[in-house]
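Step one of this worksheet: look at the structure below.
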Amino acid sequence: MRPETRVVHTAFPDLEGSRPLAVPLHQTSGFAFTDLDTFAESMNKPDGAFVYTRLGNPTVRTLENAIADLEGGAAALATSSGMGAINAVLLAALSAGDHVIAQRSLYGGTHALLHDLTQRWGVEVTYVGGHDPDEVRAALRPRTRVLYLETISNPTGHVSDLPALAAAAGEDVLVVVDNTFASPLLCRPIEHGAHVVVHSTTKYLGGHSDVTGGIAVFARSDDHVRTWHHSIELGVTADPFAAWLTIRGLRTLALRVRRHEENAAVLAHRLAEHPSVRAVHWPGLPDHPSHALAAKLLDGFGSTFSFDLADKAAGRAFVTALELVHLAPSLGGTETLVLHPASTSHRQLSEEELRAAGITGGTIRLSVGIEDPDDLWADIAQALA
Ligand SMILES: *Cc1c(COP(=O)(O)O)cnc(C)c1O
């Protein structure tokens with residue numbers, strides 16, 4: 001069946017005789033046993049009987065299986081946040097002295113984590129662009145363990161050439177892809193050579209700005225088991241209610257992603273024609289540098305993108321003049337949000353790093369929601385005026 005059907009029909013264990021339509025919420029921290037040996041054996045593996053919710057929970061497992069299925073993975077590990085998933089995957093894969101090749105334009109929290117790993121844990125990192133496999137080949141070292149990429153980068157909408165970069169990394173390097181901006185509806189990185197896919201489920205998968213969560217999907221079960229062991233030490237477990245809310249959001253993922261993108265297309269085209277707008281960075285526009293790659297790799301162009309106004313004063317004035325669109329962090333919810341990256345999400349970057357990331361003082365990021373596009377445009381037009 002196609003993803004549009006699979007997101008609605010979440011699989012979960014049957015009862016006898018009939019079954020609930022909604023996924024049951026197992027809001028419990030632990031499970032009681034009648035057999036001591038079953039209890040003991042189940043503590044050492046991710047797929048035994050449920051013991052303690054930090055080790056596994058039926059509602060959390062339902063979410064893990066649903067997203068593993070959408071991404072085409074063997075298993076998944078749901079976590080308390082996107083950063084929880086990224087930490088679990090990287091810390092389980094790396095030891096002091098290991099080397100990581102990472103894309104230069106990374107989510108801020110991931111960038112901070114890699115910085116910390118180099119400063120305090122003896123991990124070395126080489127940064128590369130998202131397109132040139134030769135750059136990855138040149139960066140390889142005997143102790144390169146991880147290649148870390150993002151499908152669509154924030155906020156300029158650059159698409160990574162996942163198949164070319166993954167192939168360049170070779171067999172022994174764990175290829176990890178943050179697929180948050182695309183969602184499995186637009187891209188399934190495992191099909192392009194990724195071993196691990198991470199998401200902030202806080203964004204499109206949950207989709208309603210009411211839950212914080214993350215997930216790592218594994219192509220191979222040994223990577224899953226290793227990361228599970230580490231995650232229970234880290235304690236980044238997803239709470240059952242958070243998992244339940246995410247499953248509820250997942251049911252409308254296909255509808256939402258399509259509507260988000262239709263709205264993004266309307267706004268991107270209108271912004272591109274507006275005299276106050278210097279540039280629009282939506283990969284659906286034919287002049288975007290990633291347009292051809294996005295058309296080849298993705299089943300759509302996404303709905304979080306940026307555009308440039310003249311300068312910082314114009315950027316700051318615009319984001320505070322909006323009335324319907326909220327000035328807020330995060331993305332992927334039903335409501336449209338705006339952000340001024342130079343003042344907030346990317347404030348730690350130097351002038352030079354900002355330029356390399358394609359961000360100016362006038363850059364505005366939009367996470368386009370599912371409202372009526374004319375209402376959104378009316379607000380944006382009055383704020384531009
Ligand atoms: C939000 C986000 C994260 C971090 O997720 P949290 O749920 O906030 O911890 C990681 N990667 C990307 C691309 C994100 O947008």
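All of these numbers come straight from a predicted model, not from anything done at the bench. The first residue in the sequence is number 1, and the count goes up from there. Hydrogens, waters and symmetry mates play no part in the numbers below; they use all other heavy atoms, side chains included. Numbering of ligands and ligand atoms starts at 1, following listing order.
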**Prompt:** Does the Thr79 side chain pair with the main chain of Gly214, one donor and one acceptor, at a distance under 3.5 Å?
**Reply:** yes

**Item:** Numbered atoms of ligand 1 (with element) below 4.0 Å of Phe181, judged on heavy atoms
**Value:** 13 (C), 15 (O)

**Given His291, His281, His269, the one that forms ring-ring contact (aromatic ring centres under 6.0 Å, His included) with Phe301** = His291

**Message:** To check your reading of the model: name the closest protein heavy atom to atom 9 (O) of ligand 1, its residue, and the distance in Å.
**Reply:** Met83 N, 2.8 Å

**Fill in**
the protein heavy atom lying closest to atom 6 (P) of ligand 1 turns out to be Gly82 N, 3.3 Å

**Message:** Tell me whether Gly213 reaches ligand 1 (any heavy atom closer than 4.0 angstrom to a ligand atom).
**Reply:** yes

**Request:** Using the rule that two of Ile, Leu, Val, Met, Phe, Trp, Tyr join whenever any of their side-chain heavy atoms come within less than 4.5 Å, decide whether Leu298 and Val217 are in one cluster.
**Result:** yes

**Prompt:** So is Arg19 actually on top of Phe12's ring, under 6.0 Å and inside 45° of the axis?
**Reply:** yes

**Request:** Using a cut-off of 6.0 Å, state whether more than 12 heavy atoms not belonging to Tyr52 lie near its atom OH.
**Result:** no

**Message:** Is there a polar contact, in the sense of an N or O pair closer than 3.5 Å, between Thr110 and ligand 1?
**Reply:** no

**Request:** For atom 14 (C) of ligand 1, find the nearest protein heavy atom and state the residue, atom name and distance (0.1 Å precision).
**Result:** Lys203 NZ, 3.0 Å

**Asked** So which bit of Glu150 gets within less than 4.0 Å of ligand 1, heavy atoms only: side chain, backbone, both or neither?
**Response** neither

**Message:** Just to confirm my output: which protein heavy-atom neighbour is closest to atom 8 (O) of ligand 1, and how far is it?
**Reply:** Tyr107 OH, 3.9 Å

**Asked** Against heavy atoms of Thr202, which atoms of ligand 1 measure under 4.0 Å?
**Response** 7 (O)

**Message:** What's the separation between atom CG in Leu140 and atom NE2 in His99, rounded to the nearest 0.5 Å?
**Reply:** 8.5 Å

**Prompt:** Strictly under 6.0 Å, is that where the ring centroids of Phe307 and His274 end up?
**Reply:** no

**Prompt:** Quick one: which of Val236, Val198, Thr180, Asp178 has a heavy atom closest to atom 11 (N) of ligand 1?
**Reply:** Asp178

